[in-house]
2 protein chains.
Amino acid sequence: MSNFEALFDYIQEISGKLLSADDKHLLMEHFKPKKLRKRQYFLQEGDVCKYIGFIVKGSARTFTVDEKGHEHILKLSLEKWWLADFESFYLLTPSRFNIEALEDLEVLQSTNAQIEEYLKHIPAFSAMANVISQNYTIANQKRMQAAMSYTAEERYEDLISNYPHFLQRFPQNMIASYLGLSPETLSRLKKNSFK
Amino acid sequence: MSNFEALFDYIQEISGKLLSADDKHLLMEHFKPKKLRKRQYFLQEGDVCKYIGFIVKGSARTFTVDEKGHEHILKLSLEKWWLADFESFYLLTPSRFNIEALEDLEVLQSTNAQIEEYLKHIPAFSAMANVISQNYTIANQKRMQAAMSYTAEERYEDLISNYPHFLQRFPQNMIASYLGLSPETLSRLKKNSFK
DNA sequence: AAATGCGCTTGATATAAGTCAATTCAAGAT
DNA sequence: ATCTTGAATTGACTTATATCAAGCGCATTT
């Protein structure tokens with residue numbers, strides 16, 4: 001119940017529209033609460049990402065494992081973020097990513113087919129989707145630019161100013177991987193930047 | 001006139017829906033043909049990206065210039081691609097990017113306000129927008145992964161298999177910058193991969 | 001035909017970041 | 001309380017890529 005309040009608030013806030021009682025009932029009917037304990041997987045490489053999850057509580061990481069066995073974190077996610085490999089979710093192809101809970105995790109999850117229904121029938125939901133799509137496009141553009149043009153140190157500074165809470169919520173080695181750095185390099189970087 | 005046929009075909013192909021005669025008239029009313037000669041700018045750093053352009057003919061690059069004066073290409077664009085800095089276009093903020101014609105360029109351009117109208121009134125157009133948004137999300141996810149996890153050589157192989165025509169249309173130093181490499185490094189890379 | 005500019009290549013060197021290995025430290029488990 | 005585990009740090013060394021510099025074709029201009 002209070003899980004759903006978080007989702008309702010989020011949709012209304014982002015879309016700038018109100019949800020009717022009917023809208024809420026429809027959402028509650030098909031978004032299923034799911035709990036994962038720390039270290040459990042929301043999605044495993046090779047599986048199809050059947051569900052998209054809205055994070056009510058906890059955190060997660062989306063990562064790949066390369067041929068040498070090294071992990072690369074593509075996304076770190078917190079409360080009020082959506083959890084999915086969108087390629088797999090949209091196209092129903094096997095995913096190349098793993099999504100793992102970094103803390104005990106509570107999500108509300110739904111299938112692509114249900115999402116299509118929401119988009120059709122709930123104006124606030126489709127308005128939200130449009131805003132999110134814009135935000136994602138902008139964020140991706142920025143992150144890509146940072147990855148291409150910035151040095152390791154600049155990317156770290158950037159992270160600090162854009163997502164300061166990340167430093168509290170995620171261990172350093174995860175941050176390093178997210179920035180495309182080895183844990184050692186990030187450690188040294190921090191030491192030097194204090195001077 | 002034949003310019004618009006390219007746009008109409010594109011919208012119908014991507015959306016899977018047909019455009020009515022009214023739809024087409026509406027599009028022709030507000031999409032303006034614009035020609036740029038090679039080396040001219042579609043968008044300059046610091047300006048607001050007032051227009052989104054649909055490329056009918058030609059090619060372009062989107063790039064930033066860092067403090068050291070080095071250019072970094074974020075996007076290489078060809079026929080049937082959309083041209084804009086979406087952050088600036090959506091939010092009307094000054095752009096950090098430059099968009100420059102690499103060949104003589106013909107685009108059909110429109111403002112954000114007009115696009116909103118199309119989304120409201122032309123079903124094929126809004127269906128197209130949804131598909132594009134999905135494709136962008138997927139492409140961004142892939143490119144980000146490539147940038148994080150792949151070596152220079154793997155990124156080049158990746159480019160060859162995903163966009164083989166890029167090699168014909170863009171000079172090598174542009175490809176290098178797009179891959180986040182110096183021209184020298186790409187040159188050496190090619191030599192070694194032949195062995 | 002000469003001259004200019006430009007993209008590509010090649011060589012020598014510099015630098016940023018990765019790798020491997022050892023140590024410390026804190027947190028959880030027994 | 002002790003033991004174990006894993007994160008963070010630090011040092012020594014390696015590697016990938018950038019930088020600087022020179023030279024070579026090739027096209028465009030004069």
Side-chain angles (χ1 to χ4, degrees), chain A residues 37-40 59-61 63-73 76 100-104 145-160 166-195, chain B residues 37-40 59-61 63-73 76 100-104 145-160 166-195:
Chain A
R37 313 216 66 217
K38 186 173 172 170
R39 295 269 136 193
Q40 284 189 306
S59 61
R61 64 177 181 137
F63 68 99
T64 50
V65 182
D66 67 23
E67 326 79 56
K68 289 175 200 142
H70 293 160
E71 298 179 355
H72 303 273
I73 295 181
L76 291 170
E100 182 199 33
L102 291 178
E103 303 169 333
D104 290 354
Q145 190 208 350
M148 303 280 299
S149 324
Y150 291 179
T151 64
E153 186 154 4
E154 288 168 329
R155 294 206 301 280
Y156 181 62
E157 305 287 352
D158 209 45
L159 179 85
I160 290 177
F166 270 29
L167 303 183
Q168 271 70 53
R169 292 292 290 276
F170 300 107
Q172 212 140 261
N173 58 351
M174 300 286 168
I175 303 268
S177 176
Y178 176 77
L179 292 171
L181 300 173
S182 68
E184 294 94 332
T185 298
L186 180 55
S187 173
R188 284 186 250 263
L189 214 109
K190 284 177 62 182
K191 195 173 57 165
N192 293 334
S193 70
F194 271 111
K195 293 184 194 161
Chain B
R37 312 215 68 218
K38 187 174 172 169
R39 294 269 138 191
Q40 284 189 305
S59 60
R61 63 175 180 139
F63 68 99
T64 51
V65 182
D66 68 22
E67 325 79 57
K68 289 175 199 144
H70 293 160
E71 298 180 355
H72 302 273
I73 296 181
L76 291 171
E100 182 199 33
L102 290 178
E103 302 169 333
D104 290 354
Q145 189 208 350
M148 303 280 299
S149 325
Y150 292 178
T151 64
E153 187 155 3
E154 288 168 329
R155 295 205 300 279
Y156 181 62
E157 304 288 352
D158 209 46
L159 179 85
I160 291 177
F166 270 30
L167 302 182
Q168 270 72 55
R169 293 292 290 277
F170 300 107
Q172 210 138 264
N173 57 351
M174 300 285 168
I175 303 268
S177 176
Y178 176 77
L179 291 173
L181 300 172
S182 68
E184 293 95 332
T185 297
L186 180 57
S187 173
R188 284 185 251 264
L189 214 109
K190 285 177 62 182
K191 195 173 55 162
N192 293 333
S193 69
F194 271 112
K195 294 184 191 162

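Below, chain A is the first sequence line, B the second, and so on; all start at residue 1.
- By the 4.0 Å N-to-carboxylate-O rule, B/R37 lies close enough to B/D104 to be salt-bridged with it.
- Mapping heavy-atom proximity under 4.0 Å, the span of DNA chain D touched by chain B runs 5' to 3' from D/dT17 to D/dA21.
- Atoms CD (A/E153) and P (C/dG18) sit 14 Å apart, rounded to a whole Å.
- Checking the phosphate oxygens (OP1, OP2) of C/dA17, no side-chain nitrogen or oxygen of A/T185 falls inside 4.0 Å.
- A donor-acceptor pair under 3.5 Å links the side-chain atoms of B/R155 to the main chain of B/Y150, judged by distance alone.
- Within the 4.5 Å cutoff, side-chain heavy atoms of B/E67 are placed close to those of A/E154.
- Between the side chain of B/S187 and the backbone N or O of B/P183 there is no donor-acceptor pair closer than 3.5 Å.
- The line from CG of A/L76 to CG of A/L102 is 7.0 Å long, rounded to the nearest 0.5 Å.
- In this structure, B/Y178 and A/M148 approach most closely via the heavy-atom pair O-CE, 3.2 Å.
- Side-chain contact between B/Y156 and B/K190: present, with at least one pair of heavy atoms (C-beta onward) separated by less than 4.5 Å.
- Here B/K191 reaches the OP1 or OP2 of C/dT10: one of its side-chain N or O atoms lies under 4.0 Å away.
- Going from atom CG of B/L181 over to atom C1' of C/dT9 covers 16 Å, rounded to whole Å.
- Here the CG-CD1 distance, from B/N173 to B/I73, works out to 7.5 Å after rounding to the nearest 0.5 Å.
- Taking atom CG of residue B/L189 and atom P of nucleotide C/dT9, one finds them 11 Å apart after rounding to whole Å.
- Atom CD of A/Q172 and atom CG of A/L167 lie 8.0 Å apart (nearest 0.5 Å).
- At whole-Å resolution of the value, CG in B/L167 and P in C/dG7 are 17 Å apart.
- Distance, B/K190 NZ to C/dT10 P: 10 Å, rounded to whole Å.
- Distance A/N192 CG to C/dT15 P: 16 Å, rounded to the nearest Å.
- Each of A/R61, A/Q40, A/K38 was compared with A/E100 under the side chain to side chain donor-acceptor pair (under 3.5 Å) criterion, and only A/R61 meets it.
- In this structure, CD on A/Q145 lies 9.0 Å from CG on A/D158, to the nearest 0.5 angstrom.
- When rounded to the nearest whole Å, the span between CZ of A/R188 and P of C/dG18 equals 10 Å.
- If you check residues 172-180 of chain B against DNA chain C, the residues with a heavy atom closer than 4.0 Å are B/Q172, B/N173, listed by number.
- Between the CD atom of B/E184 and the P atom of C/dA14 there is a distance of 16 Å, given to the nearest Å.
- Bending across the helix from C/dA1-D/dT30 to C/dT30-D/dA1, expressed as the angle between its end axes from five pairs apiece, amounts to 40° (10° rounding).
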